[in-house]
Amino acid sequence: MAVAVSISPAKITTTKPIIITQFPDNPKPLILEQCKTVRDLHQIHAHLIKTRFISSPSVAENFLESAAILLRHQPMDYAISVFEKLNEPNSSAYNIMIRGLTLKNFSHEAVLMFKKMKETSVEPDEFTFPCVLKACSRLRALEEGKQIHGQLMKLGYRSSGFAENGLIKMYANCGQAGIARKVFDEMSERDIFAWNALFSGYTKSGCWKEAVDLFHYMLETDTKFDEVTLVSVLTACGRVGALKLGEWIKDYIEANGLKRNPTLITSLVDMYAKCGHVDKARSLFNQMSHKDVVAWSAMISGYNQSNRCKEALSLFHDMQKANIEPNEVTMVSVLSSCAELGALAMGKWVHFYINKKKLPLTVTLGTALLHFYAKCGSIDNSIEVFKKMARKNVLSWSVLIQGLASNGQGDTALKYFDLMLTKHIQPNDITFIGVLSACSHSGLVKKGRELFASMIKDFDIEPKIEHYGCMVDMLGRAGLLEEAYQFIQNMPMNMKPNALIWRTLLASCKVYKNVGIGEESLKKIMDLETVHSGDYLLLSSIYASVGRLEDAFRVRREMKEKGVIKKTPGCSSIEVNGVIHEFFAEDDANFESEKIYAATEKMMKGIKLAGYVMNIEDARLEAEEYDKETSVSHHSEKLAIAFGLIKTSIGTPIRVSKNLRVCNDCHEATKMISKVYNREIIVRDRTRFHHFKDGLCSCNDYW
DNA sequence: CTAGGGTTAG
């Protein structure tokens, strides 16, 4: 059929008039070529109506396809109106609509279209299923997906494999890796897409080990894989620490010339970083010629997860110099590093940037932000962020509760816990770490015991070793050492107390000068693992505090003779003008060390004049030993505070973060410094915050 | 006429 067509140029406002001289049987290529706008489509439509070609099903269908799919960036309104005018649309027409709706992200409407198809008794064909399954996959509509699976089985379109691949993807996206695997296993032939769909399911459901195993199986059976497979497998390798397989893949990539695929190299960077080889990751990252936001984010996250937070922030600065815009994922790692370092100014800038760039405040980003504020002692800002978050999950609540607990607001923490329950958010084991430490830091022993019991009884949460640790900490801090000891003895058979539990008790013994339980705790630590120098030092201080200096020295001698592992060196950091400065006890690596020691001496003299007396026991031990490690006046937080005093203007609060628990002497000294120098001093130690002001501390000397 | 990938909080 050939028809001459001419369209009056007067009606056309687009730059190029459409001249159709011959109307072909299949107008699709023509429409594809000429139709750039809805307006063009209108003209064709008018023509088809005028010539009554629209009544031919094949022409109508082709036209519908043009409206639904070819004009990719137009909304579906027009296609819908065309579709609705069809009398008795067949499955192909429905397929076009479902495909178009899915393509343009109207997944919900696509599923509704499929339902309508069923209601009007139009039988779906083999082309229907992949499209509607894709829509279900996007929506994570597991129920609908299962129904479609049922129909598919009944109709038996199983030959092509397209539908099964769709099913695997759908189940994968709905977090049902197990069902996805079943579909996969039942397929008679599996192409690379089926394999990759299953891998992606494992990735989305966090089934890392399964992914690694599946890839081993692929290798054993000599099954072909591609670069997409390798990306998934490398991600899994990182999560389970499968370095050997990861390196095998790296060699494969090099041997097969795949190094130019940036996504693949990014996965490699991620794999090395997560397996603890950050420097290897960095050298691969450096070799990448095109680094996108994901590559940068992966590397920053690598530093962050390896506890190399200063390098994470420094790389973030490089990223900005390279003019790569960070996204919300980048910011999660950056905030996490800021939190770890106590980099308040830097994190505040990130918060500002998030607002300015209108980055979506996802649950993850919101939680990272409130965690950051809580870790910097700005708990009011945490609460503010929490309230602004449109969506929160159990972790957001738990982080807030933990934050309130460590900032000494145990009562508020428990209030949020109650609020959480009224909102029917199911608490988990992490929530209870927060709740129990709230009780611990605020001395709410009775409440803590109740909650621990309730955790098992009412919430059916199996306490982990960490929860037992919280209880020991709580009882120990409250001076109930005997009860804490009994509590450990009565731990269930399958929950053997670890060294950390006994260290917690040992630390409490130092506070309450309990020699007997202290000695017992050290023995238990020795039975379990290599003793750290810190353990010996604690027992030595306990002896000294009750006047048993001979024993105190004996323990120290033993420590030296045995050549024990050194404890984690004390490290304190302070942010001045956006730069993080780190101090170690007796640190002379710092380029300004002389000035800092002078400032520290001056500061210590200043508080001595005001009546501060150095902790006698510790000072005596020190005087007789000249033990550098324990030199009380050069504890890292004193150096950091002295640095803060000389580097910031009068009246500015000083914020210091340290990696260990603050010692008695530093605590007393800092109280005095806050009074004498009229400064607010906020010290974050390993477990909580101390807000010092006017000679007092927010922890009420209870920590 | 149908189908595929990476980075994320305690």
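Since the model is a prediction, treat every value here as computed from it, not as a measurement.
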- Of B:dT7, B:dA9, B:dG4, the nucleotide closest to the side chain of A:K134 is B:dG4

- Note on the structure: With the side chain defined as heavy atoms from C-beta on, A:T367 is closest, among B:dA9, B:dG4, B:dG6, to B:dA9

- Choose from B:dG6, B:dT2, B:dA9 the nucleotide whose nearest atom is closest to any side-chain atom of A:R99. B:dT2

- Task: For A:V269, answer base if it contacts any base atom (sugar-phosphate contacts may also be present), sugar-phosphate if it contacts only those atoms, and nothing otherwise; contact means non-hydrogen atoms under 4.0 Å.
- Result: nothing

- Task: For DNA chain B, determine which residues of residues 296-315 of chain A have any heavy atom closer than 4.0 angstrom to one of its atoms, and list them numerically.
- Result: A:S297, A:S301, A:Q305

- Message: Could you work out, with side chain to side chain donor-acceptor pair (under 3.5 Å) as the rule, every residue matching A:K357, not counting sequence neighbours?
- Response: A:E325

- Message: I'd like to know if A:N393 reaches the base of B:dA9 with its side chain, counting only an N/O donor and acceptor under 3.5 Å.
- Response: yes

- Task: Under 4.0 Å between any heavy atoms, over every strand shown, what does A:N428 touch: base, sugar-phosphate, or nothing? Just pick one.
- Result: nothing

- Task: Round to the nearest Å and state the distance from A:D270 atom CG to B:dG5 atom P.
- Result: 17 Å

- When you look at CD of A:E254, are more than 12 heavy atoms from neighbouring residues, nucleotides or ligands closer to it than 6.0 Å? yes

- Check whether the side chain of A:N165 and the base of B:dG4 form a donor-acceptor pair under 3.5 Å. no

- Consider the side chain of A:F127, meaning its heavy atoms from C-beta on, and name the nucleotide among B:dA9, B:dG6, B:dC1 that approaches it most closely. B:dC1

- Please identify each residue that fulfils side chain to side chain donor-acceptor pair (under 3.5 Å) with A:S267, with sequence neighbours left out. none

- Task: Starting from C1' on B:dC1, measure out to CG on A:L64 and report it in whole angstrom.
- Result: 12 Å

- Between P of B:dT8 and CE of A:M331, the distance in whole Å: 16 Å

- A:S301-A:N304 side chain donor-acceptor pair, cut-off 3.5 Å: no

- Task: In whole angstrom, give the distance that lies between atom NE2 of A:H290 and atom P of B:dG6.
- Result: 22 Å

- Query: Can you list every ring-ring contact (aromatic ring centres under 6.0 Å, His included) pair that touches residues 286-318 of chain A, not counting sequence neighbours?
  - Reply: A:F285-A:W296

- Using whole Å, report how far CD1 of A:I96 lies from C1' of B:dT2. 12 Å

- Atom NE2 of A:H371 and atom P of B:dA9: how far apart are they, to the nearest Å? 11 Å

- Length of the line joining A:W208:CH2 and B:dT7:C1', which is rounded to integer Å: 11 Å

- Task: Specify the residues of residues 225-237 of chain A, ordered by number, for which at least one heavy atom lies under 4.0 angstrom from an atom of DNA chain B.
- Result: A:D226, A:V228, A:V231, A:T235

- Message: Between A:N327 and A:T330, do the side chains contain a donor N or O and an acceptor N or O under 3.5 Å apart?
- Response: yes

- Item | Contacts of A:N256 that satisfy side chain to side chain donor-acceptor pair (under 3.5 Å) - sequence neighbours left out | none

- A:L361 CG to B:dA9 P: how many Å, rounded? 15 Å

- Considering just the side-chain nitrogens and oxygens of A:K274, establish if one lies under 4.0 Å of OP1 or OP2 belonging to B:dT8. yes

- Message: Is it the case that the side chains of A:S91 and A:E123 hold a donor-acceptor pair, with the cut-off being a distance below 3.5 Å and no angle test?
- Response: no

- Query: Would the A:H149 and A:Y171 ring centres measure less than 6.0 Å apart?
  - Reply: yes

- Query: Which one, B:dT2, B:dA3, B:dC1, comes nearest to the side chain of A:D191?
  - Reply: B:dA3

- Item | Note: A:E164-A:R190 ion pair, threshold 4.0 Å (strictly below) | no

- Query: Can you check whether A:R239 has a side-chain N or O nearer than 4.0 Å to OP1 or OP2 of B:dT8?
  - Reply: yes

